[in-house]
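Scroll down for the structure; my scribbles are underneath it.
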Amino acid sequence: MSEEKSLNFLEEIIEADLASGKYASIVTRFPPEPNGYLHMGHATSICLNFGLTKKYPGYTNLRFDDTNPVTEETEYVDSIKADIQWLGFEWKNELYASDYFPQLYEYAVQLINKGLAYVDDSTAEEIAILKGTPTEPGKDSPYRNRSIAENLDLFTRMKNGEFPDGSRTLRAKIDMAHTNMLMRDPLIYRIKHAHHHRTGDTWCIYPMYDFAHGQSDSIEQITHSICTLEFVPHRELYDWLIEKLEIYPSHQYEFARRNLSYTVMSKRKLLQLVNDKHVSGWDDPRMPTISGMRRRGYTAASIRTFCDKIGIAKRENLTDISLLEFCLREDLNHSALRVMAVLDPVKLVITNFPEGTTEELTSENGPDESMGTRSLSFSRELWIEREDFMEVPAKKWFRLAPGSLVRLKSAYIVKCEGFDKDDSGQITEIRCTYIPESRSGNDTSGINVKGTIHWVSVPHAISAEIRLYDRLFKVEDPSSEEGDFKDYINPDSLQIIPNAMVEPSLANATADTRYQFIRKGYFCTDKDSTADHLVFNRTVTLKDAWAKETKKG
RNA sequence: UGGGUUAUAGUGUAACGGCAGCACUACAGAUUUUGAUUCUGUCUGUCUAGGUUCGAAUCCUAGUAACCCAACCA
């Protein structure tokens, strides 16, 4: 046995249940509604539910809570399945709440027969008024004491499509003065003459979420039904239904939903960003959706590690996005191929290197020897990063400046001998001499330089579009700020570099390969990338100690 | 006197009456042909007030604060 890791509160409950013999194995489920794309909040729930049944004996179902036909679509079903699989999890059964519509209808009839449900002819407004408020009790509906026979007849006719949408509902008969608002005769069926993505036009009445969710868990014999904190008050209703219907007692446990700094995490808000064109779509690389993060270059492993590290609890939280980025860099650092790309090119001419010749150099592909090496073409004219040269060097500067020495990664040490500027003061060309004895791998020059910079040979370089992403919002918690959360969108969250110069090996970049552009960050090809027009996304920057130094002033 | 849930470094999370620990962040340093990585170190915490106890983050009492609940959404 390894060192004992402390358990979260759900693991404690499960271990106690397993130890006491209450269950021999456990069943959990991930229950998305197919009305939108999955985001990081869902990832937490997925890792939790599937993670629990990886750790303990049992399995996890995927169940779509598809009880509202007007918002749900097959497109979402497909994207949700793809996202879960990409995250690396397998469900035991693919299920749908809509599979249980006949059973749910039967449960409703049972409730009516027990005198525990009634058909209400009130309008939505009337129901709302009689519901009371959190501090005032509600009042009974005038239709509350209909006979069982009448309720049965009306409910049957609701099902048969005799009444228009909104004209009647079926309500559980509990207690209009209950301190829990959800127990004040909750609606359990409503009329919707709508086409359902799976059941088509079979039904024109649909169960409310609260009448489908708990019973679906029960039907599937979910031992530990895990959801977020806002459903705590619903548990009382689910337990009531389980008791009255005398069905399998699933038990619900609640944990605090995850919030991430500098983003928003609700379907409603994310949908606004998409609809208002603040982003290009659900899979825009700036979105905290699983599909957006995948497109940006996040690895599934880094997301799983992150979910594991933040743990679960029941308190309000706002997790620092830097922890997610830490997990990402940690993963990418081991696996990403090192290549050279110059994002903001300026020409460097090596005056003592023969014109028209090319020298082949060798460079490692990564920190691990198993990643191998590749050949780099070196010539008299190179592209280097504009920001790696300073006409008047700052203190602690150890890159290129007039008279200074710097190592060209995997190549030679060069000395800056001069430069040209145009009328606007922009550097147009930097001139250096190289030290032939300083060749990387067999350096006999005896010279030690502090700085190493990346480069690409001008005649060999290929151009590429590079998209740099930054956080989507300017503030830590946009939802808690005054006014509309969209007022806090970061206007500089996307910067496009149309013509970066990258090394020729990148012409064959594949979609699933992650690269580190040395000294610049981790990148991957975007889905827009073609052989004629390469497009790279910056997944995340490298940590940058120099940038911090600069900020100190 | 509506009901419910929660309070531990800047952030996230442990400690289950017995030395408040871990990770991220921040900061300082070492190493470095990526100012990356790696390594070392530093700062910062039990919501408040009482009480019980040899001993309290933990138990008790009283407060305080935050979040959730009045959709024919989930």
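Side chains are part of it too, since the values below use all heavy atoms of this structure and drop only hydrogens, waters and symmetry mates. Since the model is a prediction, treat every value here as computed from it, not as a measurement.
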Worksheet item: Can you give one letter per nucleotide of nucleotides 67-74 of chain B, going 5' to 3': B for a protein heavy atom under 4.0 Å from the base, S for sugar-phosphate only, - for none?
Response: SSSB-BSB

Worksheet item: Once each nucleotide of nucleotides 24-33 of chain B is scored for protein heavy atoms under 4.0 Å, what B/S/- sequence comes out, 5' to 3'?
Response: SSSSS---BB

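B:U44 and B:A28 are spaced 15 Å apart, taking the C1' atom of each and rounding to whole Å. When the C1' atom is used for both B:U58 and B:A7, the distance is 14 Å, rounded to whole Å. For the C1' atoms, the distance from B:C59 to B:U52 is 8 Å, rounded to whole Å. A distance of about 36 Å separates the P atoms of B:U6 and B:U42, rounded to the whole Å. Nucleotides B:U11 and B:U25 are separated by 16 Å at their P atoms, to the nearest Å. Between B:U37 and B:U32, the two P atoms lie 16 Å apart (nearest whole Å). Across the P atoms, B:C72 and B:C47 are found 40 Å apart, a figure rounded to whole Å.
Residue A:R519 places no side-chain atom within donor-acceptor reach of the base of B:G35, judged by atom type and a 3.5 Å distance cut-off alone. The base of B:U34 is paired with the side chain of A:R338 by a donor and an acceptor separated by under 3.5 Å.
As judged by a 4.0 angstrom heavy-atom cut-off over every strand, A:Y206 is placed among residues making no nucleic acid contact. Within the 4.0 angstrom heavy-atom criterion, only backbone atoms of the sugar-phosphate kind lie near A:L318; the bases stay farther away. Using a 4.0 Å heavy-atom criterion, one finds that A:I453 contacts no nucleic acid atom at all. Counting non-hydrogen atoms under 4.0 angstrom, A:Q516 reaches a base of the nucleic acid. Heavy atoms of A:R258 sit under 4.0 angstrom from primed sugar atoms or phosphate atoms, though from no base atom.
Under the Watson-Crick and G-U wobble criteria, each requiring two contacts below 3.5 Å, nucleotide B:A7 is paired to B:U64. Across all strands shown, B:G55 forms no Watson-Crick or G-U wobble pair with both distances under 3.5 Å.
Relative to the side chain of A:N333, the nucleotides B:G12, B:U37, B:U5 differ in distance, and B:U37 lies closest.
With sequence neighbours excluded, the residues satisfying ring pair (Phe, Tyr, Trp, His ring centres under 6.0 Å) with A:Y253 are A:H224, A:H251.
Going from atom CG of A:N365 over to atom C1' of B:U34 covers 15 Å, rounded to whole Å. Taking atom CZ of A:R257 as the reference point, atom C1' of B:U5 lies 14 Å away to the nearest angstrom. The distance between atom CZ of A:F9 and atom C1' of B:U13, rounded to the nearest whole Å, is 13 Å. At whole-Å resolution of the value, OH in A:Y253 and P in B:U6 are 15 Å apart.
When the side-chain nitrogen and oxygen atoms of A:R315 are compared with OP1 and OP2 of B:U13, one or more of them lie within a distance under 4.0 Å.
A salt bridge links A:E359 with A:R439: at least one charged nitrogen is closer than 4.0 Å to a carboxylate oxygen. Under the 4.0 Å criterion applied to side-chain N and carboxylate O atoms, A:E387 and A:K520 are assigned as salt-bridge partners.
Looking at A:E136, its side chain never comes within 3.5 Å of a backbone N or O of A:G132 through a donor-acceptor pair.
Surrounding NZ of A:K139 are at most 12 heavy atoms belonging to other residues, nucleotides or ligands under 6.0 Å away.
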